[in-house]
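First the structure, in the form of structure tokens, and then the observations on it.
Both counts, for ligands and for their atoms, begin at 1 and track the order of listing. As the structure is a computational prediction, the values presented were derived from the model and not from experiment.
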Amino acid sequence: MKFIETRGNEAGFDKEVAFSYALLNPSASFGGLYVPKKVPHLDNDFIISNHDLSYKELAEKILKIFEIDIDDGVLKEALSLYDGFDNPSDTTPVVKIEEGLFVNELYHGPTRAFKDMALQPFGHILSDLARKGEKKYLILAATSGDTGPATLDTFANKENIQVVCLYPDGGTSDVQRLQMVTQEGKNLKVIGIHGNFDDAQSTLKSLLASSTFKAELQKNHISLSAANSVNFGRIILQIVYHIKSYFSLLNQGEIKEGEKIYITVPSGNFGNALGAYYAKKMGLPIEKILIASNANNVLTDLILKGKYDIRERELILTNSPAMDILKSSNVERVLFDKFGAERTRELMRNLNDKNHYELTKEEHGLLQEDFDAVYCDDAYGQKIIKKYADNGYVMDPHTATCFKADEKLKTKDLKNVICSTAEWTKFAPTMLNAINQDDKKYSDLEALESISKALNIEITPSVSGLFGKKVLHNKIVAKESIEAEILKFINS
Ligand SMILES: *Cc1c(COP(=O)(O)O)cnc(C)c1O
């Protein structure tokens with residue numbers, strides 16, 4: 001299958017490209033993204049014949065349906081990385097927490113956030129393509145805390161790839177910071193910057209526009225790629241776990257074949273939700289995808305009012321930092337799928353130039369066929385964490401934003417699967433605030449130990465082990481010094 005561009009085709013870009021090309025070169029014409037030319041359809045037999053496959057077998061089947069140009073052997077190796085998750089025979093456990101309500105635990109990989117689901121195999125595939133093409137790639141990542149560790153872990157010591165990861169000093173949890181600064185790998189560089197996540201991201205953007213920076217890369221024969229969810233290679237791997245959750249419900253006898261379900265997604269850049277959207281389009285019986293946001297509720301407004309408007313908004317720092325986003329990149333792929341390239345280009349141009357766009361009534365109706373939305377503020381999220389912890393189920397603050405969707409948005413009596421995107425251990429101080437109903441400042445270690453004792457749960461060994469590990473990256477610099485730091489690294 002070929003891949004095409006969301007904003008139409010510009011001179012100098014191929015009209016359609018192979019999967020491997022889109023993976024290595026994720027930016028398309030006019031600043032757009034790559035999408036499959038046609039989303040394939042699963043027939044009824046697919047569900048009947050595949051519901052008891054293991055996660056990696058199912059992933060292989062689904063990726064092959066997209067006819068991607070990745071060698072069988074490489075694909076198998078990449079997907080076998082799921083064997084390193086907590087339980088290889090149940091990579092993404094679907095846990096019943098109440099009648100009709102389930103949690104799809106997507107965080108059982110090495111860095112304890114759902115980013116591993118896509119990034120683990122993605123890193124292997126990308127590095128293999130780089131090596132075979134005899135090219136070197138630099139991956140620049142700005143992180144609010146989960147993308148960084150997952151990107152570093154997957155690319156550590158991989159051939160032909162270098163990674164530079166920027167994080168806001170003081171803007172992540174201790175666990176997230178330690179996951180990054182203790183990460184081994186000669187090809188990795190982690191830099192803290194004075195400022196917030198927006199500063200880290202805008203520093204990256206200005207770097208990508210800097211001609212001296214680009215000339216230096218060229219001199220070193222290094223190309224740029226990206227490992228965030230603008231890369232379709234991430235998205236394709238995020239379709240799988242939604243389909244798998246449906247199969248898990250079938251296998252648990254909770255639903256019958258063909259019965260519809262809700263899927264609820266705590267959303268930021270909309271990659272996870274887009275995976276669910278493609279699964280629905282492929283024919284998975286999903287009634288609606290419920291989009292949960294935090295106080296940065298741009299997506300709620302888009303889905304409820306048909307307007308994307310950030311003119312009056314300032315980013316609010318919340319308990320669910322991975323969802324603190326105003327420009328949500330993957331909405332664009334839904335716009336393209338529904339309204340075509342010309343309209344997408346127009347809408348995205350409005351967003352870039354004027355900080356807003358508005359859908360027509362008809363377009364808004366089409367969006368609401370697949371999505372509904374609600375947002376959840378920190379106070380409500382904390383209540384949810386407390387309520388379920390008291391009943392024996394511990395969830396992180398991102399996952400907690402989903403419960404309001406279950407309470408408010410279901411118009412039919414169908415099962416609801418909430419995507420759980422991180423393990424509680426990554427946000428222990430917030431968790432302890434919720435459980436103790438206080439707003440004291442706890443350190444991560446103190447909070448981890450206190451929760452572990454109070455709730456009688458184990459701290460994941462890879463997390464408790466972080467506190468005794470050697471710090472390998474201790475650079476914290478001003479924005480202005482980033483370019484020099486990165487050039488020093490790639491020249492070393
Ligand atoms: C990245 C992330 C999200 C948001 O996912 P998107 O695909 O960007 O919408 C939600 N929760 C956690 C814990 C994350 O790390």
Side-chain angles (χ1 to χ4, degrees), residues 33 92 103-120 122 141-154 167 171-173 175-176 179-180 197 201 226-242 263-279 289-300 302-303 318-334 371 373 375-376 381 385 394-403 405 418-428 430-431:
L33 307 173
T92 52
V103 178
N104 188 9
E105 296 182 350
L106 302 174
Y107 55 75
H108 290 280
T111 72
R112 317 317 283 174
F114 92 104
K115 303 290 193 287
D116 289 328
M117 293 305 304
L119 276 167
Q120 281 288 309
F122 177 88
T143 187
S144 63
D146 286 335
T147 300
T151 305
L152 294 165
D153 186 280
T154 194
Y167 71 92
T172 70
S173 72
V175 166
Q176 291 173 319
Q179 284 181 323
M180 293 186 271
F197 173 60
Q201 201 158 35
N228 56 12
S229 59
V230 303
N231 197 314
F232 192 80
R234 286 269 303 269
I235 303 296
I236 195 171
L237 288 156
Q238 292 182 191
I239 299 170
V240 180
Y241 52 72
H242 295 296
I263 289 185
T264 306
V265 186
S267 295
N269 249 334
F270 215 70
N272 196 351
L274 183 73
Y277 175 75
Y278 284 133
I289 301 155
L290 309 180
I291 302 301
S293 296
N294 61 28
N296 297 290
N297 54 1
V298 258
L299 293 168
T300 318
L302 174 69
I303 290 157
T318 72
N319 286 344
S320 41
M323 297 156 69
D324 291 346
I325 286 173
L326 292 182
K327 277 193 183 175
S328 177
S329 336
N330 276 299
V331 171
E332 175 167 355
R333 287 185 162 113
V334 176
F371 298 102
Y375 76 96
C376 171
I385 292 173
V394 184
M395 76 185 84
D396 97 292
H398 300 78
T399 310
T401 63
C402 292
F403 285 73
I418 284 173
C419 291
S420 181
T421 47
E423 187 176 72
W424 68 273
T425 53
K426 295 193 92 169
F427 306 96
T430 307
M431 298 293 302

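- A ring-centre distance under 6.0 Å is not found for F270 and Y277.
- For the atom pair OG1 (T147) and OH (Y167), the distance works out to 15.5 Å, reported to the nearest 0.5 Å.
- Taking S320 as the reference, N294, T318, M323, H398, T401 meet the side chain to side chain contact (heavy atoms under 4.5 Å, CB included) condition, with sequence neighbours excluded.
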Audit row: D396, K426, side-chain contact (heavy atoms from CB on, under 4.5 Å) steps and yes/no: CA-CA 8 Å; D396 97 292; K426 295 193 92 169; over 6 Å; no
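- The two residues C419 and C402 have their closest heavy-atom pair at O-SG, 4.4 Å.
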Which N or O atoms of ligand 1 sit under 3.5 Å from a protein N or O, and how far apart is each pair?
residue	atom	partner	partner atom	Å
ligand 1	7 (O)	G271	N	3.1
ligand 1	7 (O)	N272	N	2.9
ligand 1	8 (O)	N269	N	2.8
ligand 1	9 (O)	G268	N	2.7
ligand 1	9 (O)	N269	N	3.3
ligand 1	9 (O)	F270	N	2.8
ligand 1	11 (N)	T421	OG1	2.8
ligand 1	15 (O)	K115	NZ	2.6
ligand 1	15 (O)	D146	OD2	2.6

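- In this structure, a donor-acceptor pair under 3.5 Å is absent between the side chains of H242 and N104.
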